[in-house]
Amino acid sequence: MSIVGTRVVRVEDEKLITSGGTYVDDLREAALTGAVHAVFVRSPIAHARISGIDTEEAKQAPGVVGVFTAADLDLAPLPTGPVTEPFLATDVVRYVGEPVALVLTEERYQLADAAELVDVDYDPLDAVASIDAALSGETELFPGGGVTGNVMQVNGAEEFDDAAFADCDAVVTQTILNPRVAPASLEVRGGSAAWGEDGRLTLWLSTQNAQIARTTVAGALGLDEDRVRVIAPDVGGGFGAKIGADPEASLLGWAARAVGRPVRWTESRSENLTAMTHGRAQQNTVTIGGKRDGTVLAYRIDVVQDSGAYPRAMFLPTLTEMMAPGVYRFPVVQTRSRCVVTNTTPIAAYRGAGRPEATAAVERAMDLFAAEIGMDPAEVRRVNFIRPEEFPYTTPTGGDYDTGEYAAALDKALEAAGYAELRAEQELRRAAGDPVALGLGIAAYVEITGGDANGESGRVDIHEDGSVTAYTGSSPHGQGLATSLAMLLSDQLGVPLAKITVKHGDTDEVPRAVGTFGSRSLQLGGSAIRQAADEVIAQARELAADLLEAAPEDLELDTERGVWQVRGAPSSTTLDWARIVSSAERTALSADVWFGDGKPTFPFGAHLAVVEVDTETGKVEVRRLVAVDDAGPVVNPLTFRGQRHGGLGQGIAQALLEVVNYDEDGNPTTATLADYSFVTATELPDFELVDMATPTTRNLLGVKGIGEAATIGSTPAVHNAVVDALAHLGVRHLDMPTTPMRVWAALNDVRKAN
Amino acid sequence: MRVSIEVNGRTTAGEVPDRTLLVHYLRDTVGLTGTNIGCDTTSCGACTVLFDGESVKSCTVLAAQADGHEVTTVEGLAGDDGELHPVQRAFREQHGLQCGFCTPGMMMASVSLLKENPRPSRREVREALEGNLCRCTGYHNIVSAVVEASGAEVDR
Ligand code: FES
Ligand code: FES
């Protein structure tokens with residue numbers, strides 16, 4: 001019986017629940033014996049000229065092994081967009097948290113004391129702490145070089161063409177903020193570096209992609225790639241912000257060489273909240289216009305991406321533009337995007353990376369349009385959905401959608417929630433003047449997964465005892481991919497799960513790989529494993545044919561019993577995997593492949609949020625969250641649902657409470673977990689999941705990615721629900737997060753206006 | 001100073017600086033790295049252990065305060081024969097963990113919750129675990145795991 005598609009508990013868990021796993025700070029490797037501890041001295045000021053750094057006192061502090069500043073480094077600064085980013089600040093600091101010096105001590109407890117003694121003279125400059133301040137151009141972050149007026153034009157029209165809206169009965173325009181949030185993996189960033197006697201650097205890093213990290217670190221240190229080995233041990237969450245290697249990682253390698261000892265680094269949480277990249281941070285102005293029957297004729301989005309102090313990820317608004325029309329067959333879609341630099345933490349990928357922003361904008365726009373023409377938001381969506389028979393479908397912004405059943409997904413969500421009854425309840429409560437308002441929010445979404453246009457590696461070895469080792473280029477850190485891959489192999493080879501081991505995250509074991517991001521792992525990494533196993537099966541067929549003295553094409557693999565036999569002769573001699581491997585005069589049957597034909601896929605779904613808003617206090621409570629998420633066939637429903645739960649939690653949190661804030665001087669005001677509104681169990685409901693599976697033809701498994709989908713749908717569903725709750729009181733739009741203060745203020749504004 | 005602490009039923013001792021936190025004593029002196037550190041403001045609960053049977057955040061207790069006391073960490077949760085604690089079994093069965101970083105603290109807090117309230121409702125579990133953060137699971141399955149560990153039926 002096939003185990004693919006059945007609920008299988010994870011093979012990953014045993015170690016995690018008994019000894020707590022081995023994260024980078026847990027490593028007690030012999031190679032790290034005698035390691036020194038590292039801390040980065042970071043700028044406490046958002047924008048300043050450095051007029052001097054005195055490290056003498058710090059160097060004398062107890063246990064100090066080394067104190068380094070930019071003057072000590074011989075590393076070329078990193079190219080980020082049109083400018084460069086120094087490893088340690090040189091003449092100017094551009095955000096609170098920018099590394100200025102590196103201090104090494106014998107003991108962990110000596111770090112903070114020594115770091116305090118590094119004396120940096122800062123001459124403050126005016127800070128650019130918001131998108132508006134950046135666009136005003138009054139103060140420039142990079143005067144005279146690279147970024148004129150703080151703006152980097154990336155894409156799109158200089159001027160929009162209004163003619164597209166000429167035939168509309170109704171046109172609505174709204175600026176929608178997609179606030180800056182912190183990825184805040186529960187394990188902070190960290191790494192350890194040790195040089196071997198062979199002149200090779202080993203770097204243990206909390207990363208999503210050991211191989212990309214290797215390329216980055218080798219490049220920074222001017223080494224050939226084969227002189228760097230990167231190992232990702234257990235990784236405590238990444239959410240896009242641990243892609244590759246941050247600049248700190250290269251410095252660990254540099255410092256270990258400079259002092260001739262291994263180095264260990266674990267950042268503090270406040271450091272994590274200011275120095276690990278942030279996500280989202282877009283200001284989107286949308287215009288939507290159409291007919292009174294609900295047909296949208298034109299949609300426009302003008303994206304301003306706050307890139308933070310260094311433009312590390314200009315691809316984010318590009319993805320937002322591409323996914324701008326979402327699930328709709330809008331005839332005209334106009335987009336443009338600009339990136340601006342500000343004196344804040346750099347922005348990079350965070351769960352969804354550019355697609356949640358597109359969905360949040362278009363789904364809010366659909367509600368605004370529905371309100372304008374007086375139509376139910378579900379109905380407006382139905383009128384405009386791309387229809388099943390139109391796939392494959394190319395959008396005006398170049399999205400090349402594979403398969404979709406958008407209307408069916410919405411209908412399933414509405415039915416599961418009891419939408420008609422909920423609307424009736426809303427009517428009754430409004431009529432009765434209930435001070436606790438009920439709100440319903442819909443979001444229909446499509447997203448792109450495996451969209452990086454790269455393939456992935458996979459290797460399968462079958463050993464003499466019939467056990468299997470698979471090596472995947474993906475680098476899961478909580479997604480449960482090892483279990484899913486083992487399930488696929490178990491079905492394909494007829495080998496029980498207990499005899500299958502999946503390895504990843506060590507560049508010596510898996511030299512070629514892309515890694516984990518963009519929900520690419522199962523569709524690309526899984527397809528690579530499938531392809532490698534196919535090749536092993538082909539090898540085995542030849543060997544079995546020799547042993548059984550039969551034609552290869554007459555042989556079959558009985559996956560129930562895990563044996564090879566002559567087709568149609570079940571009572572004849574059979575050969576198990578062990579027997580075949582031993583005949584190969586090798587220690588393993590092996591195939592190592594690169595699955596390269598994987599095109600992006602487009603998972604989709606529909607979420608319905610039910611919220612209650614206390615109109616006296618502004619408090620919002622999510623009562624229900626119904627989610628239909630379609631990512632094609634499901635390998636393991638357990639982990640599939642787990643990914644959705646996690647996505648829903650993070651997406652809801654963004655709508656309701658999470659935001660990274662700065663004051664007008666660029667000082668972060670949410671730099672600890674006591675200040676940053678990290679969602680807890682009490683703020684979330686039990687989730688109601690509805691399954692649906694529409695396969696893709698674009699990879700060997702028919703699967704799409706699920707890692708980010710639920711985050712993308714849930715944020716606008718909850719956001720729309722909060723606005724819907726207040727619609728009868730005259731509120732038309734609210735920005736996220738919809739905190740009690742913001743809700744209360746909006747209600748107060750309408751009360752005053754009336 | 002010199003401290004002596006019973007950890008998972010075994011007497012441990014070490015010479016540590018006065019300001020050493022219990023979590024660092026456990027990790028660096030005793031060598032049990034299952035207890036994790038996720039913050040510096042006592043907000044995340046990743047470091048939760050049992051201290052004389054009650055759950056505490058070990059990043060807010062000095063090793064000196066634990067001198068002469070009993071501490072249980074995730075490594076001490078399973079029986080000597082390796083048999084998993086019901087809370088461990090339930091976390092695995094209900095997929096109550098993803099990256100696993102919050103899990104030791106989450107399980108220790110759950111053990112303590114179930115001692116105080118053997119049959120908590122889902123709402124009560126959510127409230128009791130408010131001091132333990134998880135970034136991966138959306139908490140849904142963690143709540144299910146605690147309910148299962150209590151012996152009640154879980155609707156999957
Ligand atoms: S480490 Fe976060 S509460 Fe102790
Ligand atoms: S499982 Fe990753 S933080 Fe909870």
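By convention in this document, chain letters (A, B, ...) are assigned in the order of the sequence lines, proteins followed by strands, and residues within each chain are numbered from 1.
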Residue [X] versus chain A: region with a heavy atom under 4.5 Å:
X        : value
B/Thr137 : backbone
B/Arg122 : side chain
B/Pro17  : neither
B/Leu84  : side chain
B/Asn36  : side chain
B/Leu97  : both
B/Thr42  : neither

Any donor and acceptor pair, going by atom type alone, linking the side chain of A/Arg644 with main-chain N or O of A/Ala627 inside 3.5 Å? yes
So what's closer than 4.5 Å to chain B heavy atoms on [X]: side chain, backbone, both or neither?
X        : result
A/Gln479 : neither
A/Asp686 : both
A/Asp675 : neither
A/Glu187 : both
A/Thr22  : neither
A/Pro476 : neither
A/Leu648 : neither
A/Arg108 : side chain

Plane angle bin for A/Phe687 and B/His140 - parallel if under 30°, tilted between 30 and 60°, otherwise perpendicular: parallel
Before we go on, tell me: are the rings of B/Tyr139 and A/His645 under 6.0 Å apart, centre to centre? no
Does the separation of the ring centres of B/Phe51 and B/His69 fall below 6.0 angstrom?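 Between B/Phe51 and B/His69, the centre distance is under 6.0 Å.
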I need the residue from [options] with the largest number of non-hydrogen atom pairs under 4.5 Å to chain B.
options                                : answer
A/Gly480, A/Ser270, A/Gly21, A/Gly647  : A/Ser270
A/Gly651, A/Ala710, A/Pro685           : A/Pro685
A/Val188, A/Thr18, A/Thr672            : A/Thr18
A/Leu689, A/Val235, A/Val679, A/Asp234 : A/Val679
A/Ala653, A/Gly238, A/Gly649, A/Ala184 : A/Ala184
A/Arg28, A/His477, A/Gln643            : A/Arg28

For [X] versus [Y], what's the shortest heavy-atom pair and its separation?
X        : Y        : result
A/Val690 : A/Ala416 : CG2-CB, 3.7 Å
B/Leu62  : B/Asp18  : CD2-O, 4.2 Å
B/Tyr25  : B/Thr12  : OH-OG1, 2.8 Å

Could you check which of B/Arg89, B/Met107, B/His95, B/Glu75 has the highest count of heavy-atom pairs closer than 4.5 Å to chain A? B/His95
Would you indicate whether B/Glu153, at its atom CD, is surrounded by more than 12 heavy atoms from other residues, nucleotides or ligands within a distance under 6.0 Å? no
B/Glu127 atom CD, over 12 foreign heavy atoms within 6.0 Å: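 Buried by this count: over 12 neighbours within 6.0 Å.
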Does either side chain, that of [X] or that of [Y], offer a donor lying less than 3.5 Å from an acceptor on the other one?
X        : Y        : answer
B/Thr73  : B/Asn8   : yes
A/Ser475 : A/Asn209 : no
A/Ser519 : A/Glu708 : yes

Ring-face cation of B/Arg19 near A/Tyr109 (centre distance under 6.0 Å, axis angle within 45°):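 Not flagged: B/Arg19 not positioned over aromatic ring of A/Tyr109.
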